[in-house]
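Values below: all heavy atoms of this structure, side chains included; hydrogens, waters and symmetry mates excluded.
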Amino acid sequence: MTITSRSDPQMNSWRDHDFRLVPAAVAGWAGALGGLQLGWWVAVLTGALAAVVALVLLICGRRRFVGAGGALLLLGLVAAIPTAARIHDAEHDPLASAAVRGTAALLRIEVSERPRPIHRAGYADQQAGARSVAVPAVVEAATVDGQAVDSTGRVLLLAPVAGWGALLPGQEVTATGRLSSARGGDLTAAVLSVRDRPVDVGPAPWWQRAAETLRSGLHSLCSVLPEEPAGLLPGLVIGDTSALPQQVEQEFTASGLTHLMAVSGGNVAIICGAVLLLCRLLRAGPRLSAVAAGVCLLGFLVLVGPEPSVVRAGMMGAVGLLALALGRRGSALPALSFAVCVLVGWDPAMAADFGFALSVFATAGLVLIAPKWADSLARRGIPPGYAEGLAVPLAAFVVTAPVIAGMAGTVSLVSVLTNVLAAPVVAPVTVLGVLATVVGPWWSGAGHLLIRLADPEARWLITVARHGARAPGAVLGWPGGWLGGLWAAGLMILAVVALRFRRLRVFVAVGLVVVLLAVVPARVLELGWPPKDWAAVECDVGQGDALVLATGEPGRAVVVDTGPEPGPVDECLNRLGVDRVPLIVLSHLHADHVGGLSSVFEGRAVGAVAVGPGRAPAWAWQQVSAEAAKHRVPLVELNQGRRLDWPGLSLDVLGPRYATTRSPALQDGTMINNSSVVLRATTSAGRVLLSGDVELAAQADLLAGGVDLTADVLKVPHHGSKYSVPQFLAAVRPRAALISVGAGNGYGHPSKSTVDVLGALGALITRTDVDGDTAVLPGDGGPVVARRGEPRGPPH
């Protein structure tokens, strides 16, 4: 979408926009949203009110209000009758009442969208990643408690990846599972939890099979690239982030670039714009150009899939192309309003979809606000191209920030800058990716060439996202939900209005200074963190372990365990200023201790990776071995009695005192925990005992072996679980006990009994779910503990 500046004066005023369809779009959206959130009667009430207003406009209004009144009357009646009826039917669907009882059901369903992977952090011997998928579907037939029920509503299936992840829209399958209530706010009648594979799988439509072939071909073409750009390109082109590393996805979210991986109006504008530009070069007429762009648009929508934001973008693109074919220009706002009217009337559930809201608001900001701001910047001497480059991301940020704040409970402070830096490469990488997707199956050489040409742009976006996410204070917490969104919207409106008046700008400037003084020192600059002369830091990595031991050289530290997934341990090391890691010790190979290994290598020199004698689970050993080989660092084994020394730090290996004779496939979680490497670190703050996840048997072995366990600081075993021998804790006699545990974890960690024993021993107890990163530093009378705060949220 191009932004007109002062060179196109007729678009510089809101008076030049056609607002006649806006009231209808607002009424239809408000009626559907109110009905979904509060009940079907709200849709009736909203629709009736809209119809009354429309009749007043038609009877008493001027001729120019006839179009607006007619559209408003139509949408009011739609909201009051069909929309309310559909919401009422969903609320009273037989599956909804059965879901309240948790009844088992047999459903014959038709898949309505591509299955969405559900990412989970690693734990125990379960590898991080997508182990299940969410499958939106429509019920064709249902049997509950052996009785057929009359339901044609929507359901959401939570199912294993195996067998379900490859389903396509339009396929009919039979599923058996247990019903549970939907979260509400949409037309979903119930959620079906499925454990088995689908049966009686029907064929997918030919166009869906063709689209899946093209999508698979794109992934195959991207395999010639390194992991990160290979996973990012399908996300940029078709919104498929299944191969995107979790750390990159988190960085895009923190830097305000996650919208680039959600196919929406921007992608449609790029694709249609490229086709129209080609048609213009070939001297094709407006109608032929619109038809060619429409054909490409339809193919692109089938390729991507029928997600709500994609359908909305396609609808608006189609309306815009129709306006072009009919010779009507400057119709972006009517096209947007018409798209909202049609889509909300066709599927009321879109009214509650955050992606739909973000897409609509972003488009409205680009149509209504960005041109005026670009013109204002141009009048102040900024070249038009640069003025548009600044106005577009700024307008998008202003109109979408309230939605994002309410949805995610965060506000990105770097999103405007990162979007400005990313903007020049978004269109080229999208066009190259789409061309590679289409050409690749027939001409692999050309497809690989196009992917190679898109590689630098993808790497640039990763670089921008990574540096944006690592900027101090890139993301600030904000109240979530509707109230948080309204607060953010109020502040945005107040700031924008105030900036229009010279006298009020002083108050805005004072407000910004107050925010900087209050927020920047505490949240951005993080004065006082890390504390001077820190000896050890327990990183907050959620439900997992990661501990950093300082050496006598600034920026050089030993890392013991790496948490459940990439990202958190990397952030912790960045905060500590660690850029050299002579040794990474993995106490054992459970996922919550090795899942973040790859991110320790990001921008750091690593000397070696050390493990104990355990080799289970097998997938984790293979992953650790592959990561070490990838970075060409040695993989060494630590055995009892070994000592390692650096300036200011020494490590003594105290355990494990036995090695299991069972094969990795036969080892259970307790055996793997008991094979943990137990270390005693001698630091500037005193002794620190690092106990991995040792449980009862391993703790008893250490006690029976007469090992000197005394330490000033104890890294509490197994996240403070109940499997700790009181005599073991008493033998350590710690002054401070560090518990690494995730907020809201489902394991009951830490156990009250373990915490009570430590408290009775007089230990100062810290928990990462409450205190965040926790540092140990030398004090006059022994070790001193400092807490950073800002604990990591519940696991997703």
Exercise. Before giving the answer on side-chain contact (heavy atoms from CB on, under 4.5 Å), spell out for Arg116 and Val133 the whole-Å C-alpha distance, their side-chain angles and the decisive distance to 0.1 Å.
Key: CA-CA 5 Å; Arg116 300 191 295 265; Val133 292; over 6 Å; no

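- Taking the side chain as every heavy atom from C-beta outward, Met261 and Asp240 never approach each other to under 4.5 Å.
- For the pair Gln37 (side chain) and Gly34 (backbone), a donor-acceptor distance under 3.5 Å is absent.
- Side-chain N or O atoms of Asn419 include one that pairs as donor or acceptor with a backbone N or O of Gly256 at under 3.5 Å.
- Within the 3.5 Å criterion, the main-chain N or O of Thr213 finds no donor-acceptor partner in the side chain of Ser216.
- Nearest heavy atom pair, residue Ser255 against residue Val414, reads CA-CG2, 3.9 Å.
- Identified under the salt bridge (Lys or Arg N to Asp or Glu O under 4.0 Å) test for residues 214-223, with sequence neighbours left out: Glu212-Arg215.
- Checked against side-chain hydrogen bond (donor to acceptor under 3.5 Å, both in side chains), Ser376 has the following partners two or more places apart in sequence or in another chain: Arg380.
- Here Leu421 contributes atom CG and Thr463 contributes atom OG1; the two are 11.0 Å apart, rounded to the nearest 0.5 Å.
- Two residues are said to be in side-chain contact when any heavy atoms from C-beta on lie closer than 4.5 Å; Leu187 and Leu36 meet this criterion.
- A distance-only check finds a donor-acceptor pair linking the side chain of Arg114 to the backbone of Val304 [under 3.5 Å].
- Here the CZ-CG distance, from Arg452 to Leu221, works out to 11.0 Å after rounding to the nearest 0.5 Å.
- Legend: residues meeting side-chain contact (heavy atoms from CB on, under 4.5 Å) with Ala427, ordered by chain and number and at least two apart, are Ile270.
- Rounding to the nearest 0.5 angstrom, the gap separating the CG atom in Leu297 from the CD1 atom in Ile271 is 9.5 Å.
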Exercise. Just do the side-chain contact (heavy atoms from CB on, under 4.5 Å) check on Leu236 and Glu457 with the steps written out, would you?
Key: CA-CA 11 Å; Leu236 296 172; Glu457 292 90 334; over 6 Å; no

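- The side-chain hydrogen bond (donor to acceptor under 3.5 Å, both in side chains) analysis of residues 24-36, with sequence neighbours excluded, yields no pairs.
- In terms of heavy-atom proximity, Pro229 sits nearest to Ala458 at CB-CB, 4.1 Å.
- Partners of Glu251 under the salt bridge (charged side-chain N to carboxylate O under 4.0 Å, His left out) rule, at least two apart in sequence or in another chain, are Arg466.
- Val237 approaches Gly433 most closely through the heavy-atom pair CG2-CA, 3.6 Å.
- Val44 meets the side-chain contact (heavy atoms from CB on, under 4.5 Å) test with Trp40, Ala84; sequence neighbours excluded.
- Between Trp460 and Val429, the closest side-chain pair of non-hydrogen atoms is not below 4.5 Å.
- To the nearest 0.5 Å, atoms OG1 (Thr174) and CG (Leu107) are separated by 9.0 Å.
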Practice problem: For the pair Val138 and Thr152, evaluate side-chain contact (heavy atoms from CB on, under 4.5 Å) and give the outcome as yes or no after the intermediate values. | Solution: CA-CA 7 Å; Val138 177; Thr152 56; 5.6 Å; no

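- A side-chain contact (heavy atoms from CB on, under 4.5 Å) with Leu244 holds for exactly one of Glu227, Glu249, Glu228; it is Glu249.
- Side-chain atoms of Val139 and Arg108, non-hydrogen and from C-beta on, never get closer than 4.5 Å to each other.
- Nearest approach of Asp186 to Ala349, heavy atoms of both residues: CB-CB, 4.3 Å.
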Quiz item: So Leu461 and Val425, side-chain contact (heavy atoms from CB on, under 4.5 Å) or not? Walk me through it.
Solution: CA-CA 8 Å; Leu461 291 174; Val425 304; 3.6 Å; yes

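- Ion pair Arg154/Asp347 flagged as a salt bridge, since at least one NZ, NE, NH1 or NH2 atom sits closer than 4.0 Å to an Asp/Glu carboxylate oxygen.
- Annotation for Ala32 and Pro348: closest pair CB-O, 3.9 Å, computed over non-hydrogen atoms.
- Applying the side-chain hydrogen bond (donor to acceptor under 3.5 Å, both in side chains) test to Thr253 and every residue at least two apart in sequence or in another chain returns nothing.
- Not one N or O on the side chain of Glu172 forms a donor-acceptor pair closer than 3.5 Å with the backbone of Ile109.
- Remark: Thr46 pairs with Ala30, Val42 by the side-chain contact (heavy atoms from CB on, under 4.5 Å) rule, at least two apart or across chains.
- With sequence neighbours excluded, the residues that form a salt bridge (charged side-chain N to carboxylate O under 4.0 Å, His left out) with Asp455 are Arg459.
- For Arg209, the side-chain hydrogen bond (donor to acceptor under 3.5 Å, both in side chains) criterion is met by no residue, not counting sequence neighbours.
- The side-chain contact (heavy atoms from CB on, under 4.5 Å) test applied to Cys222 returns Leu218, Ala230, Leu233, Pro234, Ile451, not counting sequence neighbours.
- Going from atom OG1 of Thr418 over to atom CG of Leu257 covers 4.0 Å, rounded to the nearest 0.5 Å.
- Not counting sequence neighbours, the partners of Ser151 by the side-chain hydrogen bond (donor to acceptor under 3.5 Å, both in side chains) test are Asp93.
- Nearest heavy atom pair, residue Pro456 against residue Leu453, reads CD-O, 3.3 Å.
- Note that CG of Leu303 and CH2 of Trp207 are 15.0 Å apart. Values are rounded to the nearest 0.5 Å.
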